[in-house]
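Notes to accompany the following structure.
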Amino acid sequence: MRRVAGHMAHFINLSRAMKIDGYVIDLPDREYGDSVEALARSTHAVLRCLSDFDPMGEGCMDKAIEDPAWCFTFGGERIFVNTFAPCYPESHARYGFGSQSTIIAMQPRHTFAPMVRPGDSSLGPAIRQRIRTIFNEHGRSYAGNLSMVPYEAYRCIRPMQPDGPVVRWWETPLDGI
């Protein structure tokens with residue numbers, strides 16, 4: 001993870017200038033995401049390590065995660081975290097398209113800027129609806145209620161059922177990982 005943190009720091013330094021939209025962490029063994037619980041543990045472990053190795057020393061994982069102001073940060077950048085895993089069926093928005101890997105995709109918030117209207121701080125309802133429509137058209141609908149909650153952490157891992165309870169990944173124990 002120390003090497004991953006070094007690579008991610010390099011990505012953060014280049015992402016704005018080179019217009020790179022994301023950084024992907026590939027956990028190549030099915031066990032990291034063969035259930036939502038395993039995905040929660042893996043995501044927690046990766047984000048905890050990255051937070052600990054953050055070159056800016058912000059320690060975002062040591063802050064109140066259920067706070068509307070919280071967002072995963074690394075290298076001074078606010079980052080949207082998205083996960084895809086083998087536990088999700090083909091009909092799920094987080095389906096990994098048959099891959100046995102667990103994918104943790106990191107997208108710096110500045111990459112959303114072209115889609116955010118001046119004066120807004122997030123994607124507007126029309127853009128969110130367009131995204132949901134595209135997912136629906138491809139048979140991978142998801143409940144938009146998680147997209148509208150004020151807590152960023154709730155959006156990192158989607159529950160197996162669209163109306164399922166929030167996956168509280170940051171509360172999973174890290175022993176044994």
[X] side chain to [Y] main-chain N or O, any donor-acceptor pair under 3.5 Å?
| X | Y | answer |
| --- | --- | --- |
| Trp70 | Cys60 | yes |
| Ser99 | Ser101 | yes |
| Arg48 | Met61 | yes |
| Thr43 | Ala40 | no |
| Tyr95 | Gly98 | yes |
| Ser35 | Ala38 | yes |
| Ser42 | Leu39 | no |
| Thr83 | Cys156 | yes |
| His7 | Arg2 | no |
| Ser51 | Leu47 | no |

Provide the closest heavy-atom pair for [X] versus [Y] in the form atom of the first, atom of the second, distance.
| X | Y | answer |
| --- | --- | --- |
| Met56 | Gly76 | CG-N, 3.3 Å |
| Pro159 | Pro165 | CB-O, 3.4 Å |
| Pro86 | Thr102 | CD-OG1, 3.7 Å |
| Ala93 | Phe84 | O-CE2, 4.0 Å |
| Phe74 | Leu50 | CE1-O, 3.3 Å |
| Pro108 | Ile12 | CG-CD1, 4.5 Å |

Answer yes if [X] and [Y] sit in the same cluster of Ile, Leu, Val, Met, Phe, Trp and Tyr residues linked by side chain heavy atoms under 4.5 Å apart, and no otherwise.
| X | Y | answer |
| --- | --- | --- |
| Val46 | Tyr154 | yes |
| Phe72 | Val24 | no |
| Val81 | Phe11 | yes |
| Val167 | Ile103 | no |

Is there side-chain contact between [X] and [Y], with heavy atoms separated by less than 4.5 Å?
| X | Y | result |
| --- | --- | --- |
| Cys87 | Met160 | yes |
| Val4 | Ile25 | yes |
| Glu66 | Trp170 | yes |

Margin query: Taking side chain to side chain donor-acceptor pair (under 3.5 Å) as the definition, give me every residue that meets it alongside Glu171, ordered by chain and number, with sequence neighbours left out.
Written below: Arg168
Spatial distance of atom [atom1] ([X]) from atom [atom2] ([Y]) [nearest 0.5 Å]:
| X | Y | atom1 | atom2 | answer |
| --- | --- | --- | --- | --- |
| Arg41 | Trp169 | CZ | CH2 | 14.5 Å |
| Ile20 | Leu14 | CD1 | CG | 5.5 Å |
| Ile79 | Met8 | CD1 | CE | 3.5 Å |
| Met106 | Phe80 | CE | CZ | 11.5 Å |

Check: With a 3.5 Å cut-off and no angle check, do the side chains of Tyr23 and Gln107 form a donor-acceptor pair?
Finding: no
Notebook entry, point to check: Just by distance, with hydrogens left out, do Asn82 and Arg155 show a side-chain donor and acceptor under 3.5 Å apart?
Noted result: no
Check: Hey, mind stepping through Leu174 and His44 against side chain to side chain contact (heavy atoms under 4.5 Å, CB included) and telling me if it holds?
Finding: CA-CA 8 Å; Leu174 294 177; His44 185 192; 3.5 Å; yes
